[in-house]
**Student:** 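First the structure, which I've put down as structure tokens, then a few questions once you've had a look.
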Amino acid sequence: MQFGIFSVGDVTPDPVTGRTPSEHERIESMVQLALLAEQVGLDVFATGEHHNPPFVPSSPTTMLGFIAARTERIILSTATTLITTNDPVKIAEDYAMLQHLAGGRVDLMLGRGNTGPVYPWFGQDIRNGIQLTIEHYDLLHRLWREDVVDWQGRFRTPLTGFTATPRPLDGVPPFVWHGSISSPQIPEQAAFYGDGFFHNNIFWPRSHTQRMVELYRRRFEHYGHGPADQAIVGLGGQVFMRADSQAAVREFRPYFDHAPVYGGGPSLEDYAEQTPLTVGSPQQVIDRTLTFREYVGDYQRQLFLVDHAGLPQRVVLEQLEMLGTLVVPVLREEFAKLRKPGVPDAPTHVSLVAAAAASAAAEPRVTDAPSTSDPRITDAATDPAAAA
Amino acid sequence: MSERRLAVISAGLSQPSSTRLLADRLTAAAVAALGERGISASVTVMEARDHARDLVDHLLTGFPGPRLSAAIDTMTHADGLIAVSPIFNGSYSGLFKTFVDVLEVGALRGTPVLLGATGGSARHSLALDHALRPLFAYLHAAVVSTGVFAATDDWGDPQEASRLARRIDRAGQELAEAMALRPARGGPEPADGLDEVVPFSRLLAGDAD
């Protein structure tokens, strides 16, 4: 199982000191977090992508490329890459380039973005959010898998004889997670392609996360990618820790009460009860995180949000340190004990290269004729709703 | 004897309130009128006040807490709804509107609704038709033609009180009639759309909804 952190990249005033970091400080803080994440033994660092203040990470591959050069092992990912407002051609190229530079330590999480005004800045319209997500990803998927693409769609100029360069490292595209909090079309999309599904899990009650993941698992099996309990699931989580749990609550409360996302709303206690937010001792974080598999099944990736709501960098680094030394080692062991046999790990570049080699050896290609195992065709033929 | 579920939302602020009093009278009239039609009613009365904090929390966090979630389910799955608000500054109260704002699109589509309102004097009575009725028309609810406004005088003056009683009875009859014409709804099912999947082949063909 993979453990990591994901950062929104918000510049938020510290409600306790009133101090607001500069954009430059915040960018350097994010890089520092990624480097420490590797040092303390985490597996994944994921950055958000935003194109409006108060957020800094507008250019994820620039940041991740810089981190790649200064790390050895950690997987670099996104949370999320905007599949709606980015040109899929540019995503194909940027992330293939990053994949080469990072030696394959790259995957992506795709999301729509829910800020209406951002869309027209990139020539799009939020009302087409789902359609953009479907069309753009279908093109991205092809650009990474077909050397020459002829394509025509609704939202982008047509492509004729186009080759996205560089080609993916070792001919294997980066693994893709599809993130969505509440739109059922996204787990359906993830299931169709056999990609991963990530639920942010931190802004909504458990019951909802459970239903979204169940939908993905059911459809993953429907599309023939394997049994539902072997689908690839990632979850978010949100923690604040101190050795003494009351100290954690005391210290975190002003940040919670003023946080842009839930400030002014429910009490810290109510919110922690209704969502996976855990504020307490490292042992409480361990116990709470282990309960996640009780409602989503065995899953492959757990990302924590630690740097937000104006928490000072010193505190965030302490959180990361505790996560790496006190929490994750225990979680690794405990999750491994609980995991049902046959549940796969999250795909990595190495595992995908091995899988590609194995399937090439198992099925020697005889012809270039269109494959009849295209799940789209199967689905239309067997699913009455699809044929309607 | 068949059964229908009747949900009642009262947005009065004091306890007891004249708004709740009106809601109870309307409920009794509707239950009696349903009984005349051989229909037993299972009634759930909700006070907006009891959900005031949860309503604001929902606006800010984007999801309802467990108690509010149950209240929303009750409204969404009712066979009929009685909604009563005090009139503040010419319209329904903010708390009443907040309850409506957290309903999913289509939650009250086709649901027979009886509207009621209270105010200090009869001069506020048009708010019922200028504010509440358009709001529920927007929600595609099936609002019955009689709405009942009760001013302070209507409770005290014997003549007015008997006129109010007649309006309440007529409104109860209209709601019962509308509810009796529709089949009873099934048990509450999650309304988040996660049970009906649009197959990906259709999404890919441009059918996003």
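Quantities reported herein were computed from a predicted structural model and do not represent experimental measurements. Just the heavy atoms: all of them, side chains too, but no hydrogens, waters or symmetry mates, feed the values below.
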**Student:** Would you say the rings of B:Phe200 and A:Tyr193 are close, in the sense that their centroids are separated by under 6.0 Å?
**Tutor:** yes
**Student:** A quick test of your reading: do over 12 heavy atoms of other residues, nucleotides or ligands sit less than 6.0 Å from CD of A:Gln152?
**Tutor:** no
**Student:** Answer yes or no: does atom CZ of B:Arg53 have more than 12 heavy-atom neighbours from other residues, nucleotides or ligands under 6.0 Å?
**Tutor:** no
**Student:** Within this structure, what is the OG-CZ distance for the pair A:Ser207 and B:Phe63, rounded to the nearest 0.5 Å?
**Tutor:** 9.5 Å
**Student:** Considering only heavy atoms and a distance below 4.5 Å, find which of A:Glu273, A:Arg218, A:Gln274 pairs most often with chain B.
**Tutor:** A:Gln274
**Student:** Within this structure, what is the CG-CD distance for the pair B:Leu203 and A:Gln189, rounded to the nearest 0.5 Å?
**Tutor:** 8.0 Å
**Student:** With a 4.5 angstrom heavy-atom cut-off, is it the side chain or the backbone of A:Thr275 that approaches chain B, or both, or neither?
**Tutor:** side chain
**Student:** Within a 6.0 Å radius of atom NE2 on A:His258, are there more than 12 heavy atoms belonging to other residues, nucleotides or ligands?
**Tutor:** no
**Student:** Between A:Arg219 and B:Val197, is a side-chain contact (heavy atoms from CB on, under 4.5 Å) present by the stated rule, with each step listed?
**Tutor:** CA-CA 9 Å; A:Arg219 301 298 287 175; B:Val197 192; 3.8 Å; yes
**Student:** Would you indicate whether A:Arg127, at its atom CZ, is surrounded by more than 12 heavy atoms from other residues, nucleotides or ligands within a distance under 6.0 Å?
**Tutor:** no
**Student:** Roughly how far, to the nearest 0.5 Å, is the NE2 atom of A:His208 from the OG atom of B:Ser69?
**Tutor:** 12.0 Å
**Student:** Look at A:Ala191, A:Gly264, A:Pro266 and state which one has the largest set of heavy-atom pairs under 4.5 Å with chain B.
**Tutor:** A:Pro266
**Student:** Looking at B:Leu60, B:Asp57, B:Leu59, which makes the most heavy-atom pairs under 4.5 Å with chain A?
**Tutor:** B:Asp57
